[in-house]
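The analysis underlying the following values was restricted to heavy atoms, covering all of them including side chains, and did not include hydrogens, waters or symmetry mates. Convention: sequence-line order gives letters A, B, ...; per-chain numbering from 1.
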Protein chains: 2
Amino acid sequence: MEKTSEFLPRRHLLAGGAATLAGIGLATVTRAVHAQSAPKSVPSYVSWKDSSSLIVHSNTTIETKRSAFGTSVITPSDQLYIRNNLPAPDSAIVADRNAWEVLVEGVKTPSILSVRELKEMDVETTAMVLQCSGNGRGFFPTKPSGTPWQVGAAGCVVWSGVPVRVLAESLGGVSAGMKFMTGTGGEKLPDGLDPKSVIVERSVPLSAMSDALLAWEMNGQPIPLAHGGPLRLIVPGYTGINNIKYIKRLAFTAKESDAHIMSHGYRLSPPGMKGGPGQPSVQEMTVKSWINSPSPERGSVKAGKVQILGVAFGGLRAVAKVEVSIDGGKTWGLARLVGPDMGQYAWRQFAFAAKLVAGDFILTSRATDVAGDVQPELRLENTGGYNNTSWSDHAVTVTVVG
Amino acid sequence: MEKTSEFLPRRHLLAGGAATLAGIGLATVTRAVHAQSAPKSVPSYVSWKDSSSLIVHSNTTIETKRSAFGTSVITPSDQLYIRNNLPAPDSAIVADRNAWEVLVEGVKTPSILSVRELKEMDVETTAMVLQCSGNGRGFFPTKPSGTPWQVGAAGCVVWSGVPVRVLAESLGGVSAGMKFMTGTGGEKLPDGLDPKSVIVERSVPLSAMSDALLAWEMNGQPIPLAHGGPLRLIVPGYTGINNIKYIKRLAFTAKESDAHIMSHGYRLSPPGMKGGPGQPSVQEMTVKSWINSPSPERGSVKAGKVQILGVAFGGLRAVAKVEVSIDGGKTWGLARLVGPDMGQYAWRQFAFAAKLVAGDFILTSRATDVAGDVQPELRLENTGGYNNTSWSDHAVTVTVVG
């Protein structure tokens with residue numbers, strides 16, 4: 001019951017409202033969602049995760065339950081989602097974290113640097129929304145291939161590492177003509193395949209280096225292997241895939257990587273078309289929000305004053321305001337931003353107090369960033385099911401009892 | 001070797017410097033500190049804690065290792081210290097967290113409210129340094145009774161709950177003549193003793209209610225039983241004991257509690273005198289900082305550029321600046337504040353880059369708050385070993401190798 005609108009035509013949803021919703025096929029929807037979130041055990045390599053907070057889609061795709069998100073800004077590491085394109089390298093690589101080495105190219109003095117050396121160079125700490133490019137894919141009625149994430153392939157995480165701009169300066173600066181920052185992951189590649197077809201290598205515009213980190217710490221602890229430790233490229237404001245785990249090479253390049261995951265993967269292709277170099281890459285995140293509480297998973301809601309709670313972020317830009325609707329988007333009220341502001345790349349918690357009587361309500365939220373961009377009502381349809389920021393898709397229907 | 005100055009006369013320390021230190025009794029000091037931090041297993045009620053980050057003094061007194069603190073502002077729950085005056089109540093009290101009830105008195109309409117009701121009233125989120133009153137006691141050469149905490153009976157934690165001021169307003173306001181906010185813990189009291197002699201009940205000035213919370217969430221998750229869940233009184237800027245766990249009664253009172261822990265416990269009594277009502281209570285925290293890295297526990301330091309990292313907080317007030325010394329306090333340089341500012345009650349991370357040659361260095365830090373109060377060189381001597389903010393006590397001696 002957490003999400004209903006995905007199986008209903010939008011016009012119907014908006015015109016009909018909650019009373020109508022209750023009558024049509026809700027049982028089917030309920031079963032479908034429950035099947036999707038049926039408890040599977042957390043795989044052993046992340047046995048330290050809080051399984052009660054998680055939906056295990058597969059060994060390498062695990063999401064946070066909407067009902068598990070609290071209001072403390074930072075997502076605890078044991079609740080944070082997992083999405084790995086390849087299995088994590090052997091844990092031997094975190095036995096001596098300081099010994100991990102990264103090759104830096106496209107600078108005046110290309111160099112191999114150890115984590116130990118990076119740590120003495122400089123340190124910066126940044127809170128950032130880490131979000132899988134496909135978060136919200138589960139709300140696409142077209143059921144794109146890929147994990148049907150709802151809201152929980154995202155979290156707000158604190159990273160510490162050396163600023164990439166400081167690293168580049170210390171190596172004499174970026175070479176002339178370079179337009180991209182390209183990171184290469186250190187996963188072990190499957191035998192017998194063209195490396196370019198499987199390697200995790202992504203390019204982002206050179207401008208993204210200004211706030212990027214080579215990070216060794218996440219939420220106060222050495223980055224867990226499952227999250228890319230000992231060293232991960234952090235590109236604030238960019239979707240998860242651009243934040244390269246086990247980074248072994250950081251290169252400033254004139255061209256984008258020709259790895260398949262860059263040239264064909266993570267592209268916003270029109271419905272029915274495959275991804276390719278002609279289509280835009282999934283990179284910068286845009287303004288988005290959703291409600292975490294109340295939700296059907298949290299149990300019944302009693303009539304009276306109800307605190308509607310959620311998160312909002314702007315991707316590259318800070319959030320300016322959040323509005324909440326209790327009638328599926330017909331009318332809106334201004335929410336209050338709650339708790340510490342951890343910077344432009346972090347999410348903000350919001351709260352909206354509503355007096356609710358008995359009945360069904362469609363709760364949703366709509367964020368606006370500091371540039372005035374407003375979270376859209378409708379998703380951008382695309383084959384891969386990427387970048388879903390639709391406020392109507394992210395609505396929750398709750399039943400209030402007298 | 002983490003701490004040496006505690007066993008040495010201060011004059012000697014400051015005049016002699018590191019070279020002299022190395023000659024006199026350092027082996028003895030090393031043994032004493034190692035004995036203190038010999039690994040004990042984490043007790044079963046906190047088996048979810050990260051034992052590698054902790055020093056287990058006893059079942060109810062567990063501290064974070066200095067070397068375990070990262071640079072992500074927030075202390076992860078599994079690394080956070082434990083100090084409980086009484087054993088935690090039975091875990092049955094967290095089976096239905098929303099059902100926990102608190103009696104509120106000293107307001108126009110005294111009431112019993114459940115956590116469920118509190119959650120719908122309002123929500124605020126505050127980052128706050130939680131610090132045991134006796135943190136730093138281990139640096140008192142007088143060896144006061146009580147746990148010999150070093151730096152790790154402290155952490156920076158995010159709390160969510162209802163503001164006490166909102167709660168009081170909703171119950172008609174605080175009654176006339178009330179001067180204190182008094183919280184009573186819900187621990188089970190030992191049989192056969194006068195309850196007043198053992199109950200955890202503390203009063204703070206009424207003014208402290210302005211930013212206080214009745215909190216149900218810590219670091220993004222329901223407050224663990226060991227940390228006071230399902231409901232804890234949070235009084236930002238006040239030492240740990242004033243943040244009542246399992247709170248069952250919150251009263252606005254004309255007088256301070258007459259419980260022994262208030263009338264005689266946690267008093268700043270002159271050396272040799274017992275605590276009593278005539279001496280100041282341990283309540284508000286004052287400006288303090290310490291270095292977490294490098295430290296001997298983290299292994300050798302290589303000559304060259306070294307990032308000196310630590311934390312600084314002002315208690316009730318924000319930190320304005322932090323200075324770092326590499327020569328035991330003879331000379332100082334301005335440190336850089338790093339990472340998100342999570343508000344006046346949180347700590348700030350700081351970094352100071354130094355070029356170190358081979359040899360021994362006494363590293364220490366000195367914070368100044370926004371009111372201009374400077375962290376003192378010397379501790380305030382007192383029988384209980386409370387409120388140690390001395391920058392010389394918190395120094396670390398590190399050996400740099402060529």
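Residue contact with chain B, scored on non-hydrogen atoms closer than 4.5 Å, involves the backbone and the side chain of A:E124 alike. The contact between B:T71 and chain A is made by backbone and side chain atoms together, counting heavy-atom distances below 4.5 Å. Both the backbone and the side chain of B:D122 come within contact range of chain A, each with at least one heavy atom under 4.5 Å from a heavy atom of that chain. If you measure heavy-atom distances from A:A346 to chain B, you find no contacts under 4.5 Å at all. Heavy-atom distances place the side chain of B:A351, and not its backbone, under 4.5 Å from chain A.
Among the candidates A:R116, A:Q349, A:M342, the residue making the largest number of heavy-atom pairs closer than 4.5 Å to chain B is A:M342. When each of A:M218, A:R336, A:K302 is scored by its heavy-atom pairs under 4.5 Å with chain B, the top score falls to A:R336. By number of non-hydrogen pairs under 4.5 angstrom with chain A, the leading residue of B:D78, B:V73, B:V157 is B:D78. Taking chain B as the reference chain and counting heavy-atom pairs below 4.5 Å, the highest number among A:P222, A:S293, A:A68, A:P340 is found for A:P340.
Panel note: side chain A:K49, backbone A:S77; a donor-acceptor pair is recorded below 3.5 Å.
B:W159 contributes atom CH2, which lies 7.5 Å from atom NE2 of B:H227 (distance to the nearest 0.5 angstrom). The distance from the CD1 atom of A:I291 to the CD1 atom of A:I326 is 10.0 Å, given to the nearest 0.5 Å.
A donor-acceptor contact closer than 3.5 angstrom is absent between the side chains of B:S114 and B:E101. Under 3.5 Å, the side chains of A:T64 and A:S53 contain no donor-acceptor pair of N or O atoms.
Between B:W347 and B:F313, the angle of the ring planes lies from 30° to 60°, which puts this pair in the tilted group.
Between B:W290 and B:F350, the ring center distance fails the sub-6.0 Å criterion.
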